[in-house]
Amino acid sequence: MTSPISSAETGHDHDHDHDAGHSRQKLPSDPALRVQSLESLLVEKGLVDAAALDAVVEAYEHRIGPRNGARVIARAWVDPAYRQRLFADATAAIAELGFSGSQGEHMVAVENTSRVHNLVVCTLCSCYPLPLLGLPPVWYKSPAYRARAVIDPRGVLRELGLEIPDEVEIRVWDSTAEIRYLVVPERPARTDHLSEDDLAALVTRDSMIGVAKVAS
Amino acid sequence: MTSPISSAETGHDHDHDHDAGHSRQKLPSDPALRVQSLESLLVEKGLVDAAALDAVVEAYEHRIGPRNGARVIARAWVDPAYRQRLFADATAAIAELGFSGSQGEHMVAVENTSRVHNLVVCTLCSCYPLPLLGLPPVWYKSPAYRARAVIDPRGVLRELGLEIPDEVEIRVWDSTAEIRYLVVPERPARTDHLSEDDLAALVTRDSMIGVAKVAS
Amino acid sequence: MNGIHDLGGMQDLGHIPYARTEPVFHERWEGRIFALNRCAGAWRKWNLDASRFQRELIPPAEYLRMSYYERWVEGLVALLLKTGLLAREELASGRPSPGTSKVEPLLTPDKVWPFIARGTPANRDVQAQPRFQVGQPVRTVNIHPEGHTRLPRYARDKAGIIVRDHGVFVYPDTNALFQGEQPRHLYCVRFGAQELWGPQANAQDSVYLDLWETYLEAP
Amino acid sequence: MNGIHDLGGMQDLGHIPYARTEPVFHERWEGRIFALNRCAGAWRKWNLDASRFQRELIPPAEYLRMSYYERWVEGLVALLLKTGLLAREELASGRPSPGTSKVEPLLTPDKVWPFIARGTPANRDVQAQPRFQVGQPVRTVNIHPEGHTRLPRYARDKAGIIVRDHGVFVYPDTNALFQGEQPRHLYCVRFGAQELWGPQANAQDSVYLDLWETYLEAP
């Protein structure tokens, strides 16, 4: 019996020590089958607990996601002292609300205003502030976004439906190190009457990456 | 009936006016079938004469090739006045021997010596001096050669079996415009007794690209 | 390594496949390979930089063809083989070979949430005099290492200004190659968009990158 | 266009598939598509720069997957469609549709050799005062056009020296986009390997590029 794990790659002779791990076959195989087979093998070897895998999936499907980030934004909108702490030490201010951990160990908050628009990307892989936004969407991870956000942010934003006037400064944060960036979007007009929870409900994932504004 | 011409590409939405010509299908098709079908269609439409295609193939398979370049090199080795003309105006000197034409309209000859080693590449496509060397080999057209020749010429030459001492200067000619470069290799030692024809027989294609020396 | 993963500035990748909403995992196997990678991280047999580098080693045509999580499958399999936690014959048969290695600690379900919530900080409590100060102009070095680096190609040999000193962080270029953490100062550097992309860029726009001290020199 | 075709300096493409000898065409269809491209060139419905640009527009994963001559198939089909010499329905059916276009001149077998041996010179007999002289230091511009250019990415924003003035040549950046030949001076420029690749390069090595005047400025 041949296991379907080995490789999804096409035959390709490659020159690198580090590449020794790739055992190539001619035909791509189904990743679902490969992963299932790999999981079974690692569980059977005692390297992995299948229930721990369930717990990881559960955490990212239900516990971690952009609602976390939205709570931070809403708090910053209603509480000037919190806002100040967020821009002074985002990691600590975010931890006040109970959010922390993997890929959010070192946070920096950047502020959108009428004069400055911030946009986050990672050109080298797809780094993203997981504890606040959950796992990154497909478009954020796409080669096209990674490639174009740094050279043509205005074109990228236009393609995604956001026109930034020429006189507004754009700051692109290419988060290729271990610092993760949270965009604090502008609070929409005519929201004085809203509660913190109501405000949090307005905040979208995309507004915290910087590819959208928050609508009231 | 569906023609096999349309496209060998996988489904891939692409953003460019100029790309409108690509009609993508999910599965790669056999290029042999696509080309056969395309040829039939163009012949049937009266755009192409099949016998003219035969004549093109015939010319590059039998009339044009590195033997042409070898004749130029041998002449330069035995005839100092010719050598001078070759380095002064390569296109004219090459035409003296009857070689000219497509992708050899603007020739420059560069000289390998004990102090300088020249190497030719085209990083943007695979430009090559066709009238003198014929069609480029697969390795010259490979992404690996195009990528590495400019950043690591010594590593490339070593991989191809040619060790260049540190004290020898390497000049890489990235022929991305319409000037084509012919490397004039060093005449091997102990060849004083050889005729021009014998010398031409020693000259290899690779020595005129700069990835080999001429052995006696 | 100057590789396809270093995508910043490419212009031939077409439209961004934007969707306003989407599931966390599009298929069940995506969640499983993500979770397998997280659980494998707990073994501490390799580090985050090494796993990033391993995915960079996927040949470029395949890198572009693969989805994000397909690259994670490739990377994990390669690291399991490289560290000897999986043998080639196990991969081929799909069954454990007798006497193959186990590692501790096994991540048990009760430890999953603490593991995620704690994270793996990359700063180090090491005293090191910073070479650069906030406000200082710097120039990035022109390097092309065969190994791993987090200095993108588009930002090499360019002038910028230090806007923040983040402190001392693990150095990915050595850490990815298992040559130690060699921590050093990490700075946030501002580059004018026209410095990076010439006059076609908007004059007031900029790109910010977090760069290790070694990537910088006085101009 | 910053695209995958602009390969200079990439380090993740593996071994060079070297062979000392090989057939001119490895399969019959390679000769046929090469010949079809040459015969199509005789129609003068497009130019060499346009056909190069058309091949650059192949999406990068496919560009890398394809062999050299597979790219020629893609490029020719795209140009035939773009110029209206082939209709989509003809491609789909494999048969000529009634009333579709013909072009003159048809390249007949007797004209093949003269056509090859004459070539298509790219220099133009245009008087233009050269902006630069041999021996003069220059700096390449930092441009990132969406269209076609023959200034490779690795040689942008770099210092070099003029070593030759080739005269006045057709400008590919406009010619490829059917915006005219706009001929201008073409210079051979020498770049020190360390200017391009930093201290890891051999100090005495260099790269020579033929660059149009527009790609250069006084340093």
Side-chain angles (χ1 to χ4, degrees), chain A residues 1-3 5-6 8-9 12 14 16 18-19 21-22 31-32 34-35 37 39 41 44-49 51-53 55-57 59-61 100-102 105-106 123-125 134-135 137-139 141-147 150-151 159-160 169-174 176-179, chain C residues 5-10 13-18 22 24 27 29 31-33 35-36 38-39 52 57 59 62 64 68 70 73 77-78 81-82 85 90-94 96 100 102-103 106-109 112-113 116-119 121-122 150 152 166 169 186 197 204-210:
Chain A
M1 169 188 137
T2 298
S3 151
I5 306 171
S6 305
E9 299 173 22
H12 187 304
H14 199 64
H16 213 295
H18 301 278
D19 198 51
H22 295 277
R34 291 184 75 210
V35 172
S37 185
E39 177 182 332
L41 185 55
E44 224 180 317
K45 281 170 70 84
L47 292 169
V48 162
D49 180 337
L53 300 178
V56 173
V57 170
Y60 284 93
E61 281 192 329
S100 67
S102 185
E105 297 92 343
H106 313 285
T123 58
L124 296 180
C125 36
L135 287 168
V138 165
W139 67 261
K141 297 179 290 189
S142 69
Y145 181 71
R146 288 166 52 191
V150 285
I151 189 174
E159 185 175 317
L160 269 45
E169 174 189 342
I170 291 187
R171 297 180 183 169
V172 181
W173 301 84
D174 187 2
T176 56
E178 296 306 332
I179 315 298
Chain C
H5 68 282
D6 189 355
L7 284 165
M10 295 282 281
L13 289 155
H15 276 300
I16 297 162
Y18 182 72
E22 61 184 278
V24 171
E27 298 187 57
W29 69 266
R32 304 312 280 183
I33 192 63
L36 280 168
R38 298 310 307 270
C39 290
R52 286 195 185 120
L57 291 171
E62 295 155 35
L64 289 173
Y68 179 75
E70 279 180 272
V73 181
V77 169
L81 289 169
K82 189 183 284 183
L85 293 175
E90 294 178 309
L91 266 188
S93 71
T100 54
K102 285 198 184 187
V103 285
L106 179 72
L107 193 69
T108 50
V112 163
W113 182 253
I116 291 173
R118 192 176 56 243
R150 300 298 277 183
H166 292 297
F169 277 71
L186 178 71
W197 311 113
Q204 63 189 327
D205 293 351
S206 52
V207 175
Y208 291 75
L209 275 157
D210 295 314

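Quick note on labels: first sequence line is chain A, next is B, and so on, each numbered from 1.
- A pairwise comparison of heavy atoms in C:L106 and A:L47 identifies CD1-O, 3.1 Å as the closest pair.
- Put simply, the side chain of A:H106 reaches to within 4.5 Å of the side chain of C:P121, judged on heavy atoms.
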Step-by-step side-chain contact (heavy atoms from CB on, under 4.5 Å) determination, A:W173 to C:D210: CA-CA 9 Å; A:W173 301 84; C:D210 295 314; 6.0 Å; no
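- Across C:P152 and A:T176, no two heavy atoms sit closer than the pair CG-CG2, 4.3 Å.
- Side-chain contact between A:R146 and C:M10: absent, with no pair of heavy atoms (C-beta onward) separated by less than 4.5 Å.
- Taking every heavy atom of both residues into account, A:L53 and C:R32 meet most closely at CB-NH2, 3.5 Å.
- The distance from atom OG1 of A:T123 to atom CZ of C:R150, rounded to the nearest 0.5 Å, is 8.0 Å.
- Using a 4.0 Å cut-off between charged nitrogen and carboxylate oxygen, A:E178 and C:R52 count as a salt-bridge pair.
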Step-by-step side-chain contact (heavy atoms from CB on, under 4.5 Å) determination, A:E169 to C:S206: CA-CA 8 Å; A:E169 174 189 342; C:S206 52; 4.1 Å; yes
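- Using a 4.5 Å cut-off on side-chain heavy atoms (C-beta onward), C:D6 and A:L124 make contact.
- Looking at C:Y68, only its side chain comes within 4.5 Å of chain A, counting heavy atoms on both sides.
- At a 4.5 Å heavy-atom cutoff, the contact between C:V207 and chain A is made by backbone and side-chain atoms alike.
- The CG atom of C:L209 lies 4.5 Å from the CG atom of A:D174; values are rounded to the nearest 0.5 Å.
- The minimum heavy-atom distance between A:V150 and C:G9, with the atom names listed, is CG2-N, 3.8 Å.
- Of the listed residues C:G31, C:A117, C:C39, the one with more heavy-atom pairs under 4.5 angstrom with chain A than any other is C:A117.
- Here the CD1-CZ distance, from C:I33 to A:R34, works out to 8.5 Å after rounding to the nearest 0.5 Å.
- Chain C forms the most heavy-atom pairs under 4.5 Å with one residue out of A:A177, A:P31, A:G46, and that residue is A:P31.
- In this structure, CH2 on C:W197 lies 4.5 Å from CD1 on A:I151, to the nearest 0.5 angstrom.
- You'll find the side chain of C:D205 stays beyond 4.5 Å of the side chain of A:V172, heavy atoms only.
- When every heavy atom of C:P109 is checked against every heavy atom of A:D49, the shortest pair comes out as CD-OD2, 3.1 Å.
- Between chain A and the residues C:L107, C:L186, C:V112, the largest count of heavy-atom pairs under 4.5 Å involves C:V112.
- Considering every non-hydrogen atom in both A:P137 and C:E22, the closest pair reads CB-OE2, 3.0 Å.
- Only the side chain of C:H166 comes within contact range of chain A, judged by heavy atoms closer than 4.5 Å.
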